[in-house]
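Bear in mind that the values here come from a model prediction, so they are computed numbers and not experimental data. These values consider heavy atoms only, across backbone and side chains, with no hydrogens, waters or symmetry-generated copies.
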Amino acid sequence: MEIPKTYDPRQAEEQHYARWERAGCFAPEANRDESAPVYSIVIPPPNVTGSLHMGHALQHTIMDVLARYHRMRGKRTLWVIGTDHAGISTQIVVERELKKEGLSRHDLGREKFIERVWEWKQRSGGRITEQMRREGASVDWSRERFTMDDDLSRAVREFFVRCHDEGLIYRGERLINWCPKDQTALSDLEVDKETQKGQLWHLQYPVKGSDERRVTVATTRPETMLGDTAVAVNPDDERYQDLIGATLMLPLTGREIPIVADAAVDPAFGTGAVKVTPAHDPTDYEIGERHNLPQIVVIDKHARMTEAAGAEFAGLDRYEAREKVVQKFEELGLLERVADYEGAVSRCDRCRTVIEPLISLQWFCKQRELAEKGLELIRERHEPHFVPEVPWEKVYTDWLEGLHDWTLSRQLWWGHRIPAWYDEEGNVYVARSEEDARVAAGADKLTQDPDVLDTWFSSALWPISTLGWPEETSADLKTFYPTDVLVTAREIIFLWVSRMVMTGTKFIGPLPFRDVVITGLVLDKHGKKMSKSKPSDAVDPMDVFEKYGVDATRITLASSPASTGTDSRWRDEQVESYRNFANKIWNAARFCLMNSEGAQVGKGFEGDPSGWALHDRWIMSELNRTAREVSRAVEGYQFHEAVYSLYHFFWDDFCDWYIELTKQDVTASEPTPARDAARSRVVTVLETALRLLHPFMPFITEELWQRLPGVGADSLHPAYRGMEPTVMLTEYPRADESLIDERAESEMRAVIELVSRVRNIRTELNVKPSEEVRLIISAGGDGLGRVFDASLPQIKRLVRASEVSFKESMADAPRASARAALAGGAELAVPFEGLIDFGQETARLGKEIEKLSKELERLEAQLANPQFVERAPAEKVEELRQRSEDIRQRIVALEQMLEALKG
RNA sequence: GCCCGCUUAGCUCAGUGGUAGAGCACACGCUUCACACGCGUGGGGUCGUAGGUUCAAGUCCUACAGCGGGCACCA
């Protein structure tokens with residue numbers, strides 16, 4: 001059979017995904033067992049404008065490992081795929097495209113513009129989903145969704161109307177975050193607070209009716225003073241007691257404003273007197289509400305000063321106005337001082353423009369009521385279960401406890417239009433359709449609200465809308481809701497996770513997911529966040545796929561601490577080592593296939609295990625132990641532990657030991673039943689290992705599995721009978737506890753130690769690899785002696801010994817021997833006439849004795865401690881006793897060896 | 001300001017109260033008939049600091065230091 005020496009991932013990647021997709025392997029319908037349990041995941045829908053980054057690759061790997069694992073366990077598995085219309089992002093992308101043609105969206109008009117966006121989506125929107133095919137993601141394409149699909153839009157309107165009818169959604173004039181660049185309102189979660197160095201200006205406002213007296217206010221935004229309608233002080237502040245109720249002359253405007261007392265003012269900060277601009281600051285807005293202060297809008301939606309700011313300032317940019325205000329105060333002698341100050345600035349998280357708080361008429365959602373059920377569940381039942389639980393359960397709970405109303409409306413064109421219509425008098429009719437609104441209004445001429453909804457409004461419905469809600473009879477909703485797990489990043493716990501909880505509990509009942517896995521970040525090699533906007537050594541997953549292969553990338557990500565929630569750096573060396581692992585798998589399989597004549601998967605391990613050779617009992621024990629460990633790890637979302645087990649089993653146990661131990665039998669030139677059996681065993685272990693590895697490395701495992709002798713339609717999990725043979729629909733190996741054999745493992749450890757010690761001696765004495773040695777073993781007739789005897793052919797081969805002899809004791813071994821004492825009382829000698837440097841050998845043994853003596857000393861000290869013996873568990877004490885006994889024995893043996901050296 | 005996380009080998013990171021681990025890097029030796037993306041052997045750690053609990057602490061508790069993150073209406 002012609003198999004190249006080096007694995008080339010490309011060919012397997014190109015071939016198998018298309019085949020799986022064509023054969024319908026990804027759909028839950030592949031499973032013919034109607035009574036099979038269900039497993040479902042919905043993907044956090046990537047933005048339709050997006051392209052794959054490492055964060056996606058990480059999350060998708062985890063979701064795919066879970067989906068493939070549970071699918072192989074025979075569950076009816078659904079992984080829902082789709083994309084998000086991503087309101088602002090998408091609108092910006094298309095506007096940018098228009099700009100190249102010298103057009104703005106206003107040139108096109110709303111309808112044409114939206115057509116243009118759909119066109120763009122048709123043309124370029126599939127990029128990220130194409131990339132997901134490359135990743136190997138086993139999502140069900142037949143159920144692919146887009147948040148602007150008709151049925152999902154219907155769900156959005158249903159959600160809006162029902163909440164409006166219950167008073168949870170309302171329209172009102174409130175202070176909101178406004179992005180002057182994107183020209184839209186934003187929710188609190190779409191705003192980043194950033195500390196920034198700036199100044200604190202101390203401005204003096206003269207007191208009316210007094211020539212000298214002034215009140216000094218401190219502000220980071222002097223330009224807003226043009227809209228001041230009061231100055232507030234703390235009611236208990238002694239400095240200002242006599243001024244409460246007094247009137248100030250607001251400079252530059254000639255307006256008179258009152259001094260009010262409000263507990264929100266911190267007397268310790270600044271001067272203890274706060275200028276109040278209700279129209280442009282959230283705190284001031286609340287103070288204004290409490291004291292019935294007028295709101296004077298001095299900054300407009302473009303962050304320019306309005307007419308109300310005064311003729312001198314009208315039209316100026318907010319920062320120009322700031323300078324001018326400061327300058328004027330200085331000229332008037334009313335600028336007391338300027339202090340350096342580090343304060344928080346809010347920025348639009350999309351375009352980084354400084355947010356302008358503005359009073360504006362918008363739609364809001366009362367989240368507090370919606371969150372009640374979710375709060376109850378997390379507090380009383382710790383549901384959903386966050387992984388890792390610390391710190392996310394607390395972060396999530398704290399957030400739900402401190403909810404503010406959610407600003408829903410966006411002044412954009414791309415998105416779900418708000419289902420509200422107005423008649424000519426301005427009355428509002430919220431309805432599921434324009435027709436319903438007309439009926440409600442009793443009028444024909446209605447105008448729909450021009451605004452659209454926050455993108456996250458439709459995302460909040462994702463787990464239920466993709467499964468068919470509000471169609472209560474939807475089979476998918478009944479079958480696949482609630483989902484099993486949500487895998488996502490911490491940034492969207494509030495934006496998305498909490499809101500899905502609200503909609504799921506409100507409209508369906510149960511939480512939309514049982515577990516929430518929060519991944520860590522994949523940072524660049526310097527520990528910086530990979531970012532497109534900020535400088536970083538961001539790594540493109542597609543490049544990594546190209547260079548190292550998809551499987552190597554996936555298993556690297558699964559092994560990364562980021563898969564279990566800890567941020568960690570991306571390192572090419574890591575993926576390189578897993579690329580090497582893929583190649584190791586390839587070559588192990590290559591060896592098996594080159595020697596596969598007469599072999600058959602599933603054979604070779606017949607009869608009672610007690611009749612098997614030690615290495616066969618041992619490898620089955622390790623294999624089943626690995627299967628147990630991997631299942632435990634995957635089910636507990638400890639992916640790096642699963643990878644560690646698989647890597648260690650495959651490379652160390654299977655390749656380095658089992659194949660080497662069995663090689664002679666497998667490569668025997670005579671085609672005997674014994675050879676066939678040995679070949680079958682090695683291929684059986686390989687096949688099981690490939691199934692264990694498949695969720696992590698789908699392509700190479702499929703590529704190799706297809707070539708194994710004796711696999712086919714019958715190899716599939718019973719639930720998938722009738723499907724095309726593929727490793728992805730076989731049964732995920734279940735640990736057979738009866739094959740986990742502690743004794744075989746311990747005996748094999750002894751053989752490994754023996755071999756390792758002889759190799760160590762060979763290396764230390766510079767024996768050429770090609771040169772054969774003689775080996776003398778003393779291990780008693782029972783126990784270890786029998787074990788070594790039974791494995792003699794293997795031992796001879798592995799240490800390159802021409803001859804191995806068993807002796808009662810080492811006493812009559814040649815003086816010129818290198819010696820070692822093993823655990824369990826075994827001793828060995830390797831005679832080297834003329835090669836032994838007695839001084840060197842004495843030193844080597846001396847060093848060994850010293851090392852063991854130190855350990856013995858420590859153990860004995862512990863055993864001599866009556867409190868330890870009394871209080872520690874008896875088995876622990878016994879364990880230490882045995883260990884110290886073994887070490888003592890070895891020291892005695894080594895000392896005798898030293899004696900023997902003296903001759 | 002409040003809350004949280006991290007600190008273990010040269011690097012990146014695992015680690016469940018009971019013998020400190022992996023990968024990479026490093027050193028030495030290998031064209032050993034699956035694999036040099038490999039094989040064999042080896043060196044390398046007072047587990048951030050100081051206390052405490054415990055028979056026993058890298059692991060639990062307290063404080064501190066350094067780094068990172070989240071939340072917050074102190075102008």
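When base pairs are accepted only as Watson-Crick or G-U wobble with both N-N or N-O distances under 3.5 Å, RNA chain B takes part in stems of 3 or more pairs at B:1-7 with B:65-71, B:10-13 with B:21-24, B:26-30 with B:38-42, B:48-52 with B:60-64.
When all heavy atoms of A:Thr519 and A:Ala489 are compared, the pair lying nearest together is OG1-CA, 4.2 Å. Of all heavy-atom pairs between A:Ile700 and A:Asp551, the closest is N-OD2, 2.7 Å. Among all heavy-atom pairs drawn from A:Gln862 and A:Phe868, the shortest one is O-CD2, 3.3 Å. Heavy atoms only, all atoms of each residue included: A:Ser187 and A:Thr407 are closest at CB-O, 4.1 Å. Among all heavy-atom pairs drawn from A:Leu250 and A:Met225, the shortest one is CD2-O, 3.3 Å.
Side-chain proximity of A:Arg883 to the nucleotides B:G18, B:U19, B:C35 is greatest for B:U19. Taking only side-chain atoms of A:Arg858, from C-beta outward, the nucleotide of B:U32, B:C35, B:A20 with the closest atom is B:A20. Nearest nucleotide to the side chain of A:Trp651, out of B:U19, B:A36, B:C39: B:C39. Taking the side chain of A:Lys5 as heavy atoms from C-beta on, and the options B:C35, B:G40, B:G42, the nearest nucleotide is B:C35.
Applying the side-chain hydrogen bond (donor to acceptor under 3.5 Å, both in side chains) criterion to A:Lys663, with sequence neighbours excluded, gives A:Glu660. With sequence neighbours left out, A:Asp572 forms a salt bridge (Lys or Arg N to Asp or Glu O under 4.0 Å) with no residue at all. Qualifying side-chain hydrogen bond (donor to acceptor under 3.5 Å, both in side chains) partners for A:Glu401, counting only residues two or more places apart in sequence or in other chains: A:Arg379. Residues passing the side-chain hydrogen bond (donor to acceptor under 3.5 Å, both in side chains) test with A:His291 are A:Asp262, sequence neighbours excluded. Evaluation of the salt bridge (Lys or Arg N to Asp or Glu O under 4.0 Å) rule for A:Asp281 yields no partner, not counting sequence neighbours. Taking A:Glu223 as the reference, A:Arg221, A:Arg322 meet the salt bridge (Lys or Arg N to Asp or Glu O under 4.0 Å) condition, with sequence neighbours excluded. For A:Arg239, the side-chain hydrogen bond (donor to acceptor under 3.5 Å, both in side chains) partners two or more places apart in sequence, or in a different chain, are A:Asp237.
For B:U31 and B:U19, the C1' atoms lie 40 Å apart once the distance is rounded to whole Å. Going from the C1' atom of B:C2 to that of B:C74 covers 14 Å, rounded to whole Å. On the P atoms, B:U49 is 11 Å away from B:U59, given to the nearest whole Å. Spacing between B:A14 and B:G23 at atom P, rounded to whole Å, works out to 16 Å. Here, B:G17 and B:G44 have their C1' atoms 27 Å apart, quoted to the whole Å. For the P atom pair drawn from B:C64 and B:C28, the interatomic distance equals 49 Å after rounding to whole Å. For the P atom pair drawn from B:U8 and B:C13, the interatomic distance equals 10 Å after rounding to whole Å. Comparing B:C60 with B:C47, their C1' atoms sit 16 Å apart, to the nearest whole Å.
Under 3.5 Å, the side chain of A:Gln638 and the base of B:A14 form no donor-acceptor pair of N or O atoms.
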What protein N or O atoms touch nucleotides 71-75 of chain B N or O atoms at under 3.5 angstrom, if any, and at what distances?
from  : atom 1 : to       : atom 2 : distance (Å)
B:C73 : O2'    : A:Thr283 : OG1    : 2.7
B:C74 : O2     : A:Asp266 : OD2    : 2.5
B:C74 : N3     : A:Asp266 : OD2    : 3.0
B:A75 : OP2    : A:Tyr341 : OH     : 2.2
B:A75 : O2'    : A:Ala218 : O      : 2.9
B:A75 : N6     : A:Asp266 : O      : 2.6
B:A75 : N6     : A:Phe269 : O      : 2.8
B:A75 : N1     : A:Asp266 : N      : 3.3

Produce the list of close N/O pairs, under 3.5 Å, pairing protein atoms with atoms of nucleotides 8-12 of chain B; give distances to one decimal.
from  : atom 1 : to       : atom 2 : distance (Å)
B:U12 : OP1    : A:Arg569 : NH1    : 3.4
B:U12 : O4'    : A:Arg571 : NE     : 3.3

Kindly give the atom pairs (protein nitrogen or oxygen, nucleotide nitrogen or oxygen) under 3.5 Å for nucleotides 56-63 of chain B.
none

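Atom OH of A:Tyr647 is separated from atom P of B:A14 by 17 Å (rounded to the nearest Å). When the C1' atom of B:U19 is taken as reference, atom CG of A:Leu852 falls 12 Å away, rounded to whole Å. If you take CD of A:Glu641 and C1' of B:C13, they are 14 Å apart, rounded to a whole angstrom. Atom CD in A:Glu764 sits roughly 17 Å away from atom C1' in B:C30 (whole-Å rounding). One atom, CD of A:Glu660, and another, C1' of B:C39, lie 8 Å apart when rounded to the nearest Å. Rounded to whole Å, the distance from CZ on A:Arg590 to C1' on B:C35 is 7 Å. Regarding A:Leu523, its CG atom lies at a distance of 15 Å from the P atom of B:C6, rounded to whole Å. Taking atom CD1 of A:Ile659 as the reference point, atom C1' of B:U32 lies 15 Å away to the nearest angstrom.
For A:Arg10 and A:Glu546, the salt-bridge test passes: some basic side-chain N is under 4.0 Å from an acidic carboxylate O. The existence of a salt bridge linking A:Arg749 and A:Glu753 is excluded, since no basic side-chain nitrogen approaches an acidic carboxylate oxygen closer than 4.0 Å.
A:Asp886 pairs with exactly one of A:Arg888, A:Arg890, A:Arg883 by the salt bridge (Lys or Arg N to Asp or Glu O under 4.0 Å) rule, that one being A:Arg890.
The aromatic rings of A:Tyr205 and A:Phe329 lie tilted to each other, with the angle between the two planes from 30° to 60°.
The shortest distance between the side-chain N/O atoms of A:Trp392 and the OP1/OP2 oxygens of B:G69 is not below 4.0 Å.
A:Lys663 comes within 4.0 angstrom of a nucleotide base, judged by non-hydrogen atoms across all strands. Contacts of A:Glu875 with the nucleic acid, taken as non-hydrogen atoms under 4.0 Å apart, are absent. Across all strands shown, A:Pro866 has no heavy atoms under 4.0 Å from either base or sugar-phosphate atoms. Using a 4.0 Å heavy-atom distance criterion, A:Cys592 is classed as making no nucleic acid contact. As judged by a 4.0 angstrom heavy-atom cut-off over every strand, A:Glu855 is placed among the base-contacting residues. As judged by a 4.0 angstrom heavy-atom cut-off over every strand, A:Asp656 is placed among residues touching the sugar-phosphate backbone only.
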Using the rule given for ring-ring contact (aromatic ring centres under 6.0 Å, His included), can you reason through A:Tyr7 versus A:Trp586, listing the C-alpha separation, both sets of side-chain angles and the distance that settles it, and then say yes or no? CA-CA 6 Å; A:Tyr7 172 55; A:Trp586 181 257; 5.0 Å; yes

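Contacts with RNA chain B (heavy atom under 4.0 Å) in residues 577-587 of chain A: A:Ser577, A:Arg579, A:Asn580, A:Asn583, A:Lys584, A:Asn587, listed by number.
Judged by closest nucleotide on RNA chain B, A:Thr6 is the one of A:Thr6 and A:Trp657 placed further toward the 5' end.
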